Each structure stands twice: as C-alpha cells, then as structure tokens.
Protein chains: 2
Amino acid sequence: MPIEIPDVVIDRLPLYYRLLSRLDSEGRSVVSSQELGEELGVTPAQIRKDLSYFGRFGKQGRGYSVPRLLDELKAILGLDGRWKVVVIGIGRLGRAIASYPGFEGQGFDIIALYDASSGLVGTEIEGQRVKDVATLEADLKKTAVDIGIVAVPGEHAQDVVDTLVDAGVHAILNYTPNRVQTPPNVEVRHINPVLFLQSMTYHLKQRRGG
Amino acid sequence: MPIEIPDVVIDRLPLYYRLLSRLDSEGRSVVSSQELGEELGVTPAQIRKDLSYFGRFGKQGRGYSVPRLLDELKAILGLDGRWKVVVIGIGRLGRAIASYPGFEGQGFDIIALYDASSGLVGTEIEGQRVKDVATLEADLKKTAVDIGIVAVPGEHAQDVVDTLVDAGVHAILNYTPNRVQTPPNVEVRHINPVLFLQSMTYHLKQRRGG
DNA sequence: GTGAAATTGCGCACATGCACACAAACGCGC
DNA sequence: GCGCGTTTGTGTGCATGTGCGCAATTTCAC
Ligand SMILES: NC(=O)c1ccc[n+]([C@@H]2O[C@H](COP(=O)([O-])OP(=O)(O)OC[C@H]3O[C@@H](n4cnc5c(N)ncnc54)[C@H](O)[C@@H]3O)[C@@H](O)[C@H]2O)c1
Ligand SMILES: NC(=O)c1ccc[n+]([C@@H]2O[C@H](COP(=O)([O-])OP(=O)(O)OC[C@H]3O[C@@H](n4cnc5c(N)ncnc54)[C@H](O)[C@@H]3O)[C@@H](O)[C@H]2O)c1
C-alpha cells in the first residue's frame, strides 16, 4: 500500500454512495463533482480528491458516469456482497432496528435476534424467532457473523461485546450510551443521541446569550 | 469574542461531561487530565487544551475538582436548565425514543409526541397523549420548543423540519436517512446507522483482502 | 475541423487541529 | 519552611486535511 487513505475520506464515501444511488434510480447517467458537491454541501474539489484515492473514474469536460461510479463505490465499500448481522437486545429499540427495512435493502441481512428475557425468547419478531443470548457464543462459532448491533441495557454492553469479539466479530454498532473496550482490530461505532443533544444545546445557548 | 472555539472541541465536551458525571456519582473528588484521557482514549494535553478555552479550572500538582468541573461543563453546555423537546413520528423508532429515560435524565423534557396516523393520534404512549401533527404548527406558536426529534418516514422529513424551523425551532435531531435543508442558524444532527455500517464494511473488507 | 465551454486530476499553499514539552504553580512530608 | 513529586496551562512545531488554481482532456456547436 503506497498511500494511506484517511478515515475521514472513508466516512464520506457512504454519503456519495447514497446520493449516487438516488441519482441512478432517477435515471441520471452523468453527474459532475460540482453538482454532487452542491447536493451534499461539500466542495467539488473535496469530492474529486476523495475519489482520486481510488482511481480515475471521471471524464474531463463531462463528469462521472452515475452507474459506473456507483459500481466503483459499491466495490470499494464492499457493498457488492451481503453481510451477516445479528441484533442483541430486542427491547423497544431492538425491535425498531429489527423491523427497519433500511438494513436489508442495503445488503445487510439480519440473520438472528437475541435477548436475555425469558418472556421474549421464543417469540416472533418480524418473522424471526428471538433466540436466547446464552446460545450466542455457540451460534457464532457455527455461523460466522460480520456485524453485531448491540441494543441491551448499558450495563450489559461490555459483556455482549466481549462475547461477539471473542467469537470473531470485527464490527460492532453500539446503541448503548456506554463506551466499550475492544481490541484495535475491531471496528466500533457508537450511536448516542444524548451527546448530539448536548452539543446542540451549547450552540442554542450561544445564539441566545451572544 | 476574541478566540473562536472549534466545533470539534464542543463535540468532545459532552464526553467529558458524561465521564465526570460518572466519577462524581462514584464519589471521586479530584481527577487528573491523565486519568480522564486514559478513560476516554484521548491525550491528556487534548483535554487540558479543550478545557482551557473556557477557563482555568484545574490546580497544578492536583488536577481538577470533579464537582467543580462538572458544574462548569454543565454551565458551558447549557445543561444547568431544562430543554423542551418534541418527537414527531411515533412509529416503532419514535416509541423507543419516547420511552427512553436517557433524555429526561439529562435535562431534556419530551413535552409532546406527534403523529399523522389517525390510528395513533389520541392514544397514550408512555403517559403522553399522541397529538395530531396538523396541530404542531399552532402548538409551537403557543409554546416555544427548543429541539425537534424527527422519526417520520424519510419522504416526510423535509416537510416536518420546515414546519419546525418556520416556528422557531433551532435544533433538529433527524433519525431519517434523508438529509434536510435548513437555514444556517439551525443546528441539525443526522443519525443514520446505515452510513456507519457502510464505513465499517470498508474496513472489514480491507482486513480480509489486505 | 476548429474554437469555446466544461470538467477532471493533481500539485501546492493554507488552515486547522493535535501532541509535545516545559515553566509555573501547588501539595505534601518532614 | 523547604524541597520534591505532580499536574496544569500554553507556546511551539508537526501532521493532517481542505480548497485553490491550472494544465490536460473531452464535448459540442457550427
Ligand atoms: N430507546 C431509545 O430510543 C434509545 C435511544 C438511545 C439509546 N438507547 C439504548 O439502547 C439500549 C436499549 O434500549 P431500549 O429502550 O430498547 O431498552 P429495553 O429495556 O426496552 O430493552 C432492552 C432489552 O435487552 C434485553 N437484555 C438485557 N440484558 C441482556 C443481555 N445481557 N443480553 C441480551 N439481551 C439483554 C432485555 O431483556 C430487553 O429486552 C439501552 O442501552 C438504551 O440506553 C435507547
Ligand atoms: N427503526 C429503526 O431502527 C430505524 C433506524 C434508522 C432509521 N430509521 C428511520 O426512522 C424513521 C421512522 O422509522 P420507524 O421504523 O419508526 O417507521 P414507522 O413506519 O414505524 O413509523 C413512522 C411513523 O411516522 C408517522 N408519520 C408519517 N408521516 C408523518 C408526518 N408527516 N408527520 C408525523 N408523523 C408521520 C407514521 O404514522 C408512523 O407512525 C424512518 O425514516 C426510518 O427510515 C428507523
């Protein structure tokens, strides 16, 4: 690997991908970095530079072929296959996640749901039988899973993550407010709406007080 | 305002705040930037510099008083009062949000729930009567609201946001996958788990393919 | 076929954010 | 009250990321 690709670039690619998907479904065949930039609120130069890390996909004087660029991004991000996902913690949030069509639609197959409550285990949620979290470890050893989505109460997050990581899961989406420790070769993303609210209140306060 | 405070700094303050809250509840009275840094995975210098934008809260040779620093952060972030929040779209996700105790516990009062479905309007969710979204505009004019949480289907997000913004709401937490346009004086945060998954798959692919 | 308009890819300069390192300040033990 | 270990606040250099500007290339009209 000659050049190292910055993480900020990787984080922007899904945004490009999403916009390209929309343009493609609208039948657009060509688009310029200018137009992409306007739509996403970033500079055209930014987009061109980001894409140039991976190849020369555009044509001068014309722009980018929408289906071509979409395919390239698909390959770069690994969205040309399907990924196996499990959800742990099928409470109110977990149920919303399990029923969200946006995951399946984007190549993420929710192959199992896990909970610890005896009242829930065995029931059907969105056509899936909820399994006992006690069987998670054994299941993971039988069937490799790519991504774990964690929606248990915060105090159990680390335990669940440890089980996932020990069984070879290398990507975790953590909905609990607790930070979890993982080895460096595991990707973790935290979703905590309260942190967003708290940074917004700073700005609200600024606007008022001056 | 002599110095401009970078947004990245503001975004880190809630992390510090959360850790300080925990330490405070554990009875800790003093903490060093070293220890804060270890816990959060950032350098001690980073933390000291961030805090120094707002004042000199530490004591050399000792560290920071936990209750003192907690109070300072509370004041800086505007968490010393309460904020009025409404949730629009009381589907599966909206219900999970409405029932999440983490908002009330941090000073965010969910004062009303809105939906468009006649089947939902009038029903009780978590002790709140679901109101008709048609009354949102009029309600906002009567009672000022600080933050709007949007959990409607993506295609209605812009409409709902326009209503909120027109009525003077300056902070929006958008759970839909659609980006929304707002004037520059409105704070918007997007929560889109799919974007996280898609950046994680890039890294997963890297690890496999090399 | 030729000139004009458009748009990419990229070198380069600038801005921003981060970590280091150190003087100044504090607490504690004796 | 003095010296030693600790830790802050900040000046400074460095790395990283962003935007500008332009040559090279392509399209299109006539
Ligand atoms: N509801 C929200 O909008 C929201 C928002 C942000 C964060 N969160 C976080 O998401 C998590 C879940 O929230 P919720 O509202 O769905 O809570 P919930 O109480 O409705 O659901 C939690 C579920 O996890 C199960 N569980 C408990 N321990 C478990 C374990 N060790 N293994 C597997 N399952 C276990 C419980 O049986 C329950 O079904 C919490 O950490 C919460 O802080 C929720
Ligand atoms: N469920 C998830 O985990 C999840 C995850 C990520 C994103 N999202 C997004 O969150 C949003 C809601 O998801 P959901 O699973 O709760 O969907 P849902 O269909 O269960 O709920 C949507 C609710 O919005 C109401 N609604 C529709 N139009 C409205 C309007 N104009 N004003 C007010 N209310 C209106 C509907 O009556 C319904 O009750 C969607 O945009 C979805 O893409 C959901």
Side-chain angles (χ1 to χ4, degrees), chain A residues 1-16 19-20 23 28-73 76 184 199 202-203, chain B residues 1-16 19-20 23 28-73 76 184 199 202-203:
Chain A
M1 267 151 282
I3 327 141
E4 199 54 42
I5 297 163
D7 274 355
V8 272
V9 173
I10 305 302
D11 290 345
R12 276 191 295 266
L13 296 185
L15 292 174
Y16 305 159
L19 176 52
L20 266 294
L23 293 173
R28 287 289 303 278
S29 62
V30 177
V31 68
S32 67
S33 61
Q34 166 99 41
E35 188 180 347
L36 292 173
E38 273 167 17
E39 199 88 19
L40 294 170
V42 298
T43 63
Q46 176 91 267
I47 293 176
R48 293 202 298 276
K49 176 143 278 184
D50 285 353
L51 296 176
S52 76
Y53 279 104
F54 303 95
R56 307 171 56 139
F57 308 131
K59 272 214 176 70
Q60 282 113 323
R62 216 167 137 62
Y64 298 87
S65 152
V66 172
R68 162 84 194 288
L69 188 51
L70 192 59
D71 273 358
E72 296 285 357
L73 285 173
I76 293 164
S199 67
Y202 170 84
H203 295 284
Chain B
M1 269 152 282
I3 327 140
E4 199 54 43
I5 298 164
D7 274 355
V8 273
V9 173
I10 304 303
D11 289 345
R12 277 192 294 266
L13 296 185
L15 292 174
Y16 304 160
L19 175 53
L20 266 295
L23 293 173
R28 287 290 302 279
S29 62
V30 177
V31 68
S32 67
S33 59
Q34 166 99 42
E35 189 180 346
L36 293 174
E38 272 166 18
E39 199 88 20
L40 293 170
V42 298
T43 63
Q46 175 91 267
I47 293 176
R48 294 202 298 276
K49 178 143 268 184
D50 285 352
L51 296 175
S52 77
Y53 279 104
F54 303 94
R56 307 171 55 140
F57 307 131
K59 272 215 176 70
Q60 282 112 326
R62 223 173 128 59
Y64 298 88
S65 152
V66 172
R68 163 85 194 288
L69 187 52
L70 191 60
D71 273 359
E72 296 285 356
L73 285 173
I76 293 164
S199 66
Y202 170 84
H203 295 284

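Please read these numbers as outputs of a predicted model, since none were measured by experiment. Labels below follow one simple rule: chain letters A, B, ... track the order of the sequence lines, proteins then strands, and each chain is numbered from 1.
In this structure, A:Y64 and A:L51 have side chains that are in contact, with non-hydrogen atoms separated by less than 4.5 Å. Using a 4.5 Å heavy-atom threshold, the side chains of A:Y202 and B:P14 count as separate.
Here the nucleotide nearest the side chain of B:R62, chosen from D:dT18, C:dA19, C:dC28, is C:dC28.
In this structure, CZ of B:R12 is placed 12 Å from C1' of C:dT16, rounded to the nearest angstrom. As a whole-Å value, the separation of B:I47 CD1 from C:dC18 P is 12 Å. Remark: P of C:dT16 and CD1 of B:I10 are 15 Å apart, rounded to the nearest angstrom. A:L40 places its CG atom 13 Å from the P atom of D:dG19, with the value rounded to the nearest Å. Rounded to a whole Å, the CD atom of B:E4 is 10 Å from the P atom of C:dG17. Following rounding to the nearest Å, A:I5 (CD1) and D:dT16 (P) show an atom-to-atom distance of 15 Å. Between the CG atom of B:D11 and the C1' atom of C:dT16 there is a distance of 15 Å, rounded to whole Å.
Applying a 4.0 Å cut-off to non-hydrogen atoms, none of the residues of residues 28-39 of chain A approaches DNA chain D.
A:S199 is linked by a side chain to side chain donor-acceptor pair (under 3.5 Å) to B:R189, counting only residues two or more places apart in sequence or in another chain. Applying the side-chain contact (heavy atoms from CB on, under 4.5 Å) criterion to B:S29, with sequence neighbours excluded, gives no partner residue. Residues that satisfy the side chain to side chain donor-acceptor pair (under 3.5 Å) test with B:S65, not counting sequence neighbours, are absent from this structure.
Atom CZ in A:F57 sits 11.0 Å away from atom CG in A:D71 (nearest 0.5 Å). To the nearest 0.5 angstrom, A:I76 atom CD1 is 8.0 Å from A:I10 atom CD1.
Applying the salt bridge (Lys or Arg N to Asp or Glu O under 4.0 Å) rule to pairs touching residues 28-55 of chain B yields B:R12-B:D50, B:R22-B:E39, B:R28-B:E35, sequence neighbours excluded. Sorted by first and then second residue, the salt bridge (Lys or Arg N to Asp or Glu O under 4.0 Å) pairs involving residues 51-70 of chain B (not counting sequence neighbours) are B:R68-B:E72.
Both A:D50 and B:G61 lie near DNA chain D, and the one whose nearest nucleotide falls closer to the 5' end is B:G61.
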(Q) Counting primed atoms plus P, OP1 and OP2 as sugar-phosphate and everything else as base, spell out the protein contacts along nucleotides 9-14 of chain C at 4.0 Å heavy-atom distance: B, S or - for each nucleotide, 5' to 3'. (A) BBBB--
